[in-house]
Amino acid sequence: MSSSLHWFRKGLRLHDNPALAKAIEHVRKQRGNSPHLYFLFVLDPWFASPAKVGPNRYRFLLESLQDLDTSLRGVGSRLHVAKGDPVEVLPRLAKEWSVGTVTWEVDTEPYARDRDEKMRQRLSSLGISVDTCVSHTIWDMSALMRAWGKSLPPTSYQSFLGLVAKVGEPILKDLSSREEVLQAIGELSEGSRATKKENKGVDEYLVPASLLDLPAFRAELERDPKEYAHLLSSRPPLFPGGESAALARFHDKITRQPQWVRSFEKPMTSPNALEPSTTVLSPYLKFGCLSSRFLWKQLTDIEKEGKGKHSAPPVSLRGQMLWREFFYINSYGTPNYAKMVGNPNCKQIPWGSDEKLFDAWKRGETGFPFIDAIMTQLRTEGWIHHLARHATACFLTRGDLWQSWEKGAQVFDLWLLDADFAMNNGNWQWLSASCFFYQYFRVYSPVAFGKKTDPNGDYIRKYVPQLSKYPKQYIFEPWKAPAALQKSCGCIIGKDYPSPIVDHDVASKANMAKMNVAYSANKQKDTMPHVNKSPRPSEGGSVGTNDTAGEEEYEPKRKRMKAATGKR
DNA sequence: GGCTAGTTGCCTGT
DNA sequence: ACAGGCAACTAGCC
């Protein structure tokens, strides 16, 4: 029982990995029993299936595991990759390998919290000790919630900034580098018998070399070759997974251009640039290939070192990191965070359920080129700009299609490389004006918004190539092009490219009226909790765009509200 | 109870 | 580039 095992889940890195460092310490303390340090990742069927993770992100994960394995083998160690339920698999291997201590990085997602609690109990019953560290986020969410002192987390960014100012910044002095950690592992590996033992027989714990090694994904590929065609291309991926790629990208986007870092303002970046206008470090943060604490420290240092002014939260790069922490505390402290029903911070809104509208959105066939280009980039490349996410999320929910944010979040969760429980569900609530943001009358135009940063429509030309010959005055709204022009451009609207599935002006105004009704119903429920009134489904036409009807709908409720509060 | 601020809306006019 | 109208939201703080 003298060996240790570090369990990788997120945190797929060696640098700044305090739980892994603890595992090294545990092994160092052992003497004489040829203790070994094992590294394990478990492909849990809970997420490792084509229904839960799109091919791009699975590829990214495998590359991240391959990179870890390569690094470890360089110093005489290796990564073991097992398949199955980790609560079943890990304790079995721990016994087989005479492991006395297991370490992992804290994961605050509901599934992970539940799984890890089961793992603790299971290991405890086997007499195996557990050591964990918080290093996926900059702050410890449980400590932040204690300091906050309320049962529900702060839902405004400003109050969150107040909270972290009160708590203070964590001390991030001695973040270990990958080289330091590898050297320490190398010293442990020397003379260890375990590495040699494994060379006998078939190795069932190798990192899968590609998606095609996984039967479920192979079956998907055979079922839908077109969908997976981009995976078979010989071109290297746009965003390769792994710690090496993470550190290289960090160097390229951050270290190499301090002036750009210091002047970064998120709203000034472009959602439809052909080269990403932001860092695209998010996939690496999601899997922990890059340490958020390391990035935070580097950004802080770059701001300090330069002279003159630098940008500030919420729009600066440090501000982006704080948004991440903000959504993490919300995901940690909100019951049923990923749902509307049962989520105390989420407005209850009677979203429609129209499969045709939803599928058209998902497939990028709405007839709005800007939206369809975004959805195509998402599906094929796995990353879209933050503001592109805004535009398409608003379009699906309160802007145009009036479909549930939960269904939109599922699509993002499937296809995004950086799909993150906290930020994905939080931002969908934000964009649908269900939580965090409530100015529902500010609606993104699927035609006008993209023109500001891409007047020529080059982004559309790339991702919706049917329209590539359209002149710029029609490319954002091709249905307005004269029939002769459509013909000469080789793309007839309604035949070669869909007609718009909604009239944006009509739909968005009708939806604003529905939001008004839904908000009023939520207000009544809040002020009169004994009246368990579910939000009324409303037809767009019944409220319509008539101002007087809206007034009548709204005014009496104000009075009732006053009467209700007056009772106190 | 009132006031203010809120990561990044759109459109028109200057 | 920026201001104001649009018709008007909520949370947080006083």
Side-chain angles (χ1 to χ4, degrees), chain A residues 148-150 152-163 264-273 277-278 311-327 330 344-349 370 384-395 397-400 423 426-427 429-453 476-477 504-505 507-509 511-527 543 545-555 557-558 561-562 564-566 568:
Chain A
W148 179 242
K150 300 175 195 175
L152 290 173
T155 60
S156 88
Y157 188 72
Q158 294 306 322
S159 53
F160 177 74
L161 290 186
L163 173 63
F264 182 91
E265 291 186 8
K266 185 65 153 286
M268 304 306 286
T269 59
S270 164
N272 45 9
S277 60
T278 50
S311 57
V315 297
S316 65
L317 278 173
R318 271 173 84 254
Q320 306 312 304
M321 300 298 290
L322 288 164
W323 280 109
R324 182 171 181 268
E325 304 287 312
F326 169 77
F327 285 118
N330 272 279
N345 278 342
C346 183
K347 299 270 184 216
Q348 303 299 302
I349 295 167
F370 179 54
I384 51 178
H385 185 277
H386 186 64
L387 290 178
R389 303 180 196 203
H390 276 216
T392 193
C394 182
F395 184 87
T397 57
R398 67 184 168 86
D400 293 84
M423 279 179 290
N427 277 302
Q429 286 172 68
W430 183 295
L431 266 302
S432 62
S434 299
C435 188
F436 310 113
F437 170 88
Y438 309 96
Q439 287 160 286
Y440 58 72
F441 38 86
R442 289 190 185 171
V443 174
Y444 288 89
S445 162
V447 172
F449 186 67
K451 282 185 185 171
K452 286 190 287 187
T453 44
F476 282 87
E477 37 194 346
H504 172 70
D505 290 334
S508 59
K509 288 207 170 66
N511 289 349
M512 282 182 216
K514 290 190 212 174
M515 288 299 283
N516 186 332
V517 174
Y519 270 29
S520 299
N522 277 272
K523 241 189 253 177
Q524 284 183 61
K525 226 168 52 177
D526 289 346
T527 47
V543 178
T545 55
N546 186 307
D547 288 342
T548 318
E551 280 293 297
E552 278 167 11
E553 192 67 32
Y554 188 65
E555 261 314 308
K557 271 167 205 139
R558 281 179 89 108
M561 247 263 294
K562 274 178 188 159
T565 46
R568 282 192 280 157

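Throughout, protein chains are lettered first and strands after them, A, B, ... in sequence-line order, and every chain is numbered starting at 1.
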When you compare B:dG2 with C:dA7, how far apart are their P atoms, in angstrom units rounded to a whole number?
->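 About 24 Å, rounded to a whole number of Å.
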Spacing of the P atoms in C:dA8 and B:dG1 (rounded, Å) |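 To the nearest whole Å, 22 Å.
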Output all residues satisfying ring pair (Phe, Tyr, Trp, His ring centres under 6.0 Å) with A:Phe476, sequence neighbours left out; order by chain, then residue number.
->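 Here no residue qualifies.
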Test of understanding: with side chain to side chain donor-acceptor pair (under 3.5 Å), list the residues that count as partners of [X], not counting sequence neighbours.
X	value
A:Gln320	A:Lys266
A:Ser270	A:Asn272
A:His390	A:His386, A:Tyr444
A:Ser434	A:Ser432

Over how many whole Å does the gap from [X] atom [atom1] to [N] atom [atom2] extend?
X	N	atom1	atom2	result
A:Met321	B:dT7	CE	P	18 Å
A:Tyr440	C:dC6	OH	P	16 Å
A:Lys509	C:dA8	NZ	P	12 Å
A:Met512	C:dT10	CE	P	15 Å
A:Phe326	B:dG6	CZ	P	13 Å
A:Lys347	C:dA11	NZ	C1'	9 Å
A:Ile349	C:dT10	CD1	C1'	13 Å
A:Leu152	C:dG12	CG	P	10 Å

Does A:Met512 offer a backbone N or O that forms a donor-acceptor pair with the side chain of A:Asn516 under 3.5 Å?
->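 No, the answer is negative, given that no donor and acceptor are paired below the 3.5 Å cut-off.
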Partner set under salt bridge (charged side-chain N to carboxylate O under 4.0 Å, His left out) for A:Glu477, not counting sequence neighbours |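 Salt bridge (charged side-chain N to carboxylate O under 4.0 Å, His left out) list for A:Glu477, sorted by chain: A:Lys451, A:Lys480.
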With sugar-phosphate taken as primed atoms, P, OP1 and OP2 and all else as base, the protein-contact string of nucleotides 8-14 of chain B at under 4.0 Å (heavy atoms; B, S, -) is BBSS---
Side chain to side chain contact (heavy atoms under 4.5 Å, CB included) with A:Phe327: which of A:Phe160, A:Tyr157, A:Trp430?
->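 By the side chain to side chain contact (heavy atoms under 4.5 Å, CB included) criterion, A:Phe327 pairs with just one of A:Phe160, A:Tyr157, A:Trp430: A:Trp430.
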Ignoring backbone atoms, test whether A:Gln158 places a side-chain nitrogen or oxygen under 4.0 Å from the OP1 or OP2 oxygen of B:dT7.
->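 So the side chain of A:Gln158 is within the cut-off, an N or O lying under 4.0 Å from OP1 or OP2 of B:dT7.
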Toss me the dot-bracket line for DNA chain B: Watson-Crick and G-U wobble, both under 3.5 Å, 5' to 3', using | for pairs to another strand and [ ] for crossers.
-> ||||||..||||||
Under 4.0 Å between any heavy atoms, over every strand shown, what does A:Thr269 touch: base, sugar-phosphate, or nothing? Just pick one.
->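 Counting heavy atoms under 4.0 Å across all strands, no contact is made by A:Thr269.
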Taking side-chain contact (heavy atoms from CB on, under 4.5 Å) as the test, write out the residues that go with A:Ala393, two or more places apart.
->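 Once residues adjacent in sequence are excluded, the partners of A:Ala393 under the side-chain contact (heavy atoms from CB on, under 4.5 Å) criterion are A:Trp428, A:Leu431.
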For the side chain of A:Tyr519, starting at C-beta, report the closest nucleotide among C:dG12, B:dG6, C:dC9.
->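 Looking only at heavy atoms from C-beta outward on A:Tyr519, the closest nucleotide is C:dC9.
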